There are 2 protein chains.
Amino acid sequence: MKREEKIPARTIERLAIYRRQLLELKSNRLSHIYSHQLAELANNTPAQVRRDLMIIGCSGGNPKQGYGIDYLLNSINSILDNDKAGQIALVGVGDLGKAILSYSNYQRSTPSVAAAFDIDEEKIGKVIASCKCYPLSEMKTKVKELGITLGIITVPSVYAQKVTDKLVSAGVTGILNFAPATLRVPNNVFVERIDITMEIEKVAYFANEYSRLGK
Amino acid sequence: MKREEKIPARTIERLAIYRRQLLELKSNRLSHIYSHQLAELANNTPAQVRRDLMIIGCSGGNPKQGYGIDYLLNSINSILDNDKAGQIALVGVGDLGKAILSYSNYQRSTPSVAAAFDIDEEKIGKVIASCKCYPLSEMKTKVKELGITLGIITVPSVYAQKVTDKLVSAGVTGILNFAPATLRVPNNVFVERIDITMEIEKVAYFANEYSRLGK
DNA sequence: TATATAATGTAATCTTATTCACATTAAAGT
DNA sequence: ACTTTAATGTGAATAAGATTACATTATATA
Ligand SMILES: NC(=O)c1ccc[n+]([C@@H]2O[C@H](COP(=O)([O-])OP(=O)(O)OC[C@H]3O[C@@H](n4cnc5c(N)ncnc54)[C@H](O)[C@@H]3O)[C@@H](O)[C@H]2O)c1
Ligand SMILES: NC(=O)c1ccc[n+]([C@@H]2O[C@H](COP(=O)([O-])OP(=O)(O)OC[C@H]3O[C@@H](n4cnc5c(N)ncnc54)[C@H](O)[C@@H]3O)[C@@H](O)[C@H]2O)c1
């Protein structure tokens with residue numbers, strides 16, 4: 001069991017981004033990178049990059065070549081790919097749910113969507129991107145059977161709480177919620193919300209603000 | 001031209017959430033609400049709610065009834081629905097793009113998707129949720145014609161920068177980017193990124209963390 | 001009309017996140 | 001081997017954000 005100092009959420013977000021960039025650099029046969037280059041790719045500052053690396057106890061850089069990409073990847077993986085990460089259940093195979101299911105890029109990373117659930121008879125039994133859709137009644141069984149620990153919620157917001165309760169009682173401890181609803185969960189469960197409508201409103205606001213004041 | 005003290009991004013995000021909750025309350029015929037109730041609905045604290053309201057110069061609450069819902073809605077609208085907010089162009093009518101197009105809930109709010117763009121011949125000319133798909137060559141014209149000022153990018157990340165450049169040179173000043181790519185824009189253009197893969201990795205990390213330490 | 005009550009509005013404080021600044025250092029060139 | 005150079009690693013400073021705490025206040029009740 002590891003015993004790092006608690007890592008800030010913002011740092012975790014940036015680590016995920018660094019990792020993606022580093023994987024791309026690696027696939028381009030690069031072996032080293034400077035903090036200012038990674039900062040450029042991740043749209044932040046060199047100091048921020050170095051601080052993030054420091055936070056995860058990563059000090060393998062040297063002034064003449066920067067950081068070894070493999071070294072950085074190992075360090076980041078050791079933080080993000082925690083030993084006991086399970087698979088994902090997606091609930092609500094509508095437009096958005098299907099888009100997420102068909103998106104195959106996260107096959108690379110540890111957690112991937114192992115089962116889908118819906119109430120619509122039409123959808124039950126269908127297979128999307130090699131992921132089968134089950135009725136809600138089978139959730140508990142499938143979650144155990146497939147080692148699922150995470151949930152993605154893409155049902156209409158009225159049903160989001162109901163679905164959450166089911167996921168939690170099946171043993172899920174992390175939820176990514178696309179429904180514009182505030183979810184009530186026990187405090188050993190982590191919920192992250194992606195609110196697309198809110199983001200659009202935010203962009204509208206700041207687009208206006210930026211062009212008024214030139215940033 | 002308004003002259004508020006610069007409003008923090010976090011406050012803007014929460015205002016968008018308050019507004020949605022308030023609209024729902026209003027549709028349930030409620031007329032007043034206390035900060036602690038709104039906090040409950042928005043998953044934050046009463047003090048945070050009052051502070052946000054204070055930031056936007058909103059002090060119409062009274063100790064016995066709380067805040068008038070109409071009053072709050074007007075105040076929030078006056079901030080978020082800025083006078084010169086335009087329509088939205090969505091670029092990349094793939095799985096995710098289609099999901100966003102078919103999602104009709106933001107018809108309510110000022111900006112809505114007025115045109116879609118794609119390079120795929122198959123998709124050009126199609127109409128999804130009463131929004132027509134045009135070739136990239138018509139972007140400049142359509143942006144002007146339809147009063148578009150915002151863009152949503154749902155193309156593969158390799159093309160994201162190219163598409164951004166086109167949007168910007170057509171006059172767009174705010175972009176919501178779903179591609180896992182860092183975009184380069186002039187600094188009068190605002191970019192917000194939604195990185196679904198990163199969010200999943202974050203949920204995986206904190207789900208583990210929370211269940212290890214009980215929050 | 002006076003009193004009690006419970007929520008508001010906000011200054012002050014605390015916390016978290018980011019940036020600065022610089023001494024340290026690893027290699028490349030002389 | 002010595003000098004130069006440009007990046008690292010990190011304490012200290014600053015900025016941004018959230019929370020606390022409480023004096024103020026609008027109304028219901030006595
Ligand atoms: N599509 C978007 O662009 C978009 C944007 C913002 C927010 N959202 C939110 O994402 C969620 C999904 O949006 P969508 O456009 O995919 O909706 P959708 O109507 O296309 O899909 C919803 C799916 O959930 C299923 N469902 C309904 N109740 C269920 C239940 N109790 N258990 C299991 N499945 C159930 C339905 O059968 C359907 O397949 C909604 O909450 C929506 O508000 C979507
Ligand atoms: N679907 C998801 O769940 C998901 C998750 C995470 C990230 N993303 C990101 O969102 C973006 C879209 O994902 P998707 O699953 O919808 O992909 P998709 O392949 O289904 O759709 C991409 C669309 O963009 C169009 N396109 C390609 N190049 C273009 C160009 N130069 N100009 C205009 N249109 C162009 C294609 O014709 C296609 O219609 C990608 O960047 C992806 O990485 C998607």
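If you're wondering where the values come from, they're calculated on a predicted model, not measured in any experiment. Order of the sequence lines sets the chain letters (A, B, ...), proteins ahead of strands, with each chain counted from 1.
- Projected onto DNA chain D by closest heavy-atom contact, B:Ala9 and A:Ser59 fall at different nucleotides, the more 5' of which corresponds to A:Ser59.
- Not a single donor-acceptor pair under 3.5 Å links the side chain of B:Ser211 to the backbone N or O of A:Val189.
- In this entry the distance linking CD1 of A:Ile55 with P of D:dT8 reads 16 Å, nearest Å.
- A straight line from OH of B:Tyr34 to P of D:dT27 spans 11 Å, rounded to a whole angstrom.
- Side-chain to base pairing of B:Lys64 with C:dT5: one donor and one acceptor N or O lie within less than 3.5 Å of each other.
- Taking atom CG of A:Asn44 as the reference point, atom P of D:dA15 lies 19 Å away to the nearest angstrom.
- For C:dA7, neither phosphate oxygen OP1 nor OP2 lies less than 4.0 angstrom from any side-chain nitrogen or oxygen of B:Ser35.
- Taking only distance into account, the side chain of A:Arg51 never meets the base of C:dT18 through a donor-acceptor pair shorter than 3.5 Å.
- Regarding contacts with the backbone of C:dG9, a side-chain N or O of B:Tyr67 is found under 4.0 angstrom from either OP1 or OP2.
- Between B:Ile56 atom CD1 and C:dT10 atom C1' there is a gap of 16 Å when expressed in whole angstrom units.
- Nucleotides of DNA chain D nearest to B:Gln65 and A:Arg50 differ in position, and the one nearer the 5' end is that of A:Arg50.
- Using a 4.0 Å heavy-atom distance criterion, A:Pro8 is classed as a sugar-phosphate-only contact.
- Distances were taken from every side-chain heavy atom of A:Gln48 (C-beta onward) to each of C:dA17, C:dA26, C:dT19; the shortest belongs to C:dT19.
- Heavy atoms from other residues, nucleotides or ligands lying under 6.0 Å from NZ of B:Lys144 number more than 12.
- Rounded to a whole Å, the NE2 atom of B:His36 is 8 Å from the P atom of C:dT8.
- B:Gly57 comes within contact range of no nucleotide atom at all, as no heavy-atom separation falls under 4.0 Å.
- Between A:Phe206 and A:Tyr210, the two ring planes are perpendicular [angle over 60°; tilted spans 30° to 60°].
- In this structure, the nucleotide among C:dC20, C:dT8, C:dT18 sitting nearest to the side chain of A:Ala47 is C:dC20.
- Ranking C:dA17, C:dT19, D:dA7 by closeness to the A:Pro63 side chain, first place goes to D:dA7.
- Summarising the geometry, the separation between CE on B:Met54 and P on D:dA21 is reported as 18 Å, rounded to the nearest angstrom.
- The distance between atom CG of A:Leu53 and atom P of C:dA17, rounded to the nearest whole Å, is 17 Å.
- Using a 4.0 Å heavy-atom criterion, one finds that B:Thr45 contacts the sugar-phosphate atoms exclusively.
- In terms of modelled atom types and a separation under 3.5 Å, the side chain of B:Thr182 and the main chain of A:Leu41 share a donor-acceptor contact.
- Straight-line distance from the CG atom of A:Asn62 to the P atom of C:dT24: 18 Å, rounded to whole Å.
- Side-chain contact of B:Asp165 with B:Gln161: a donor-acceptor pair under 3.5 Å is present, judged by distance alone.
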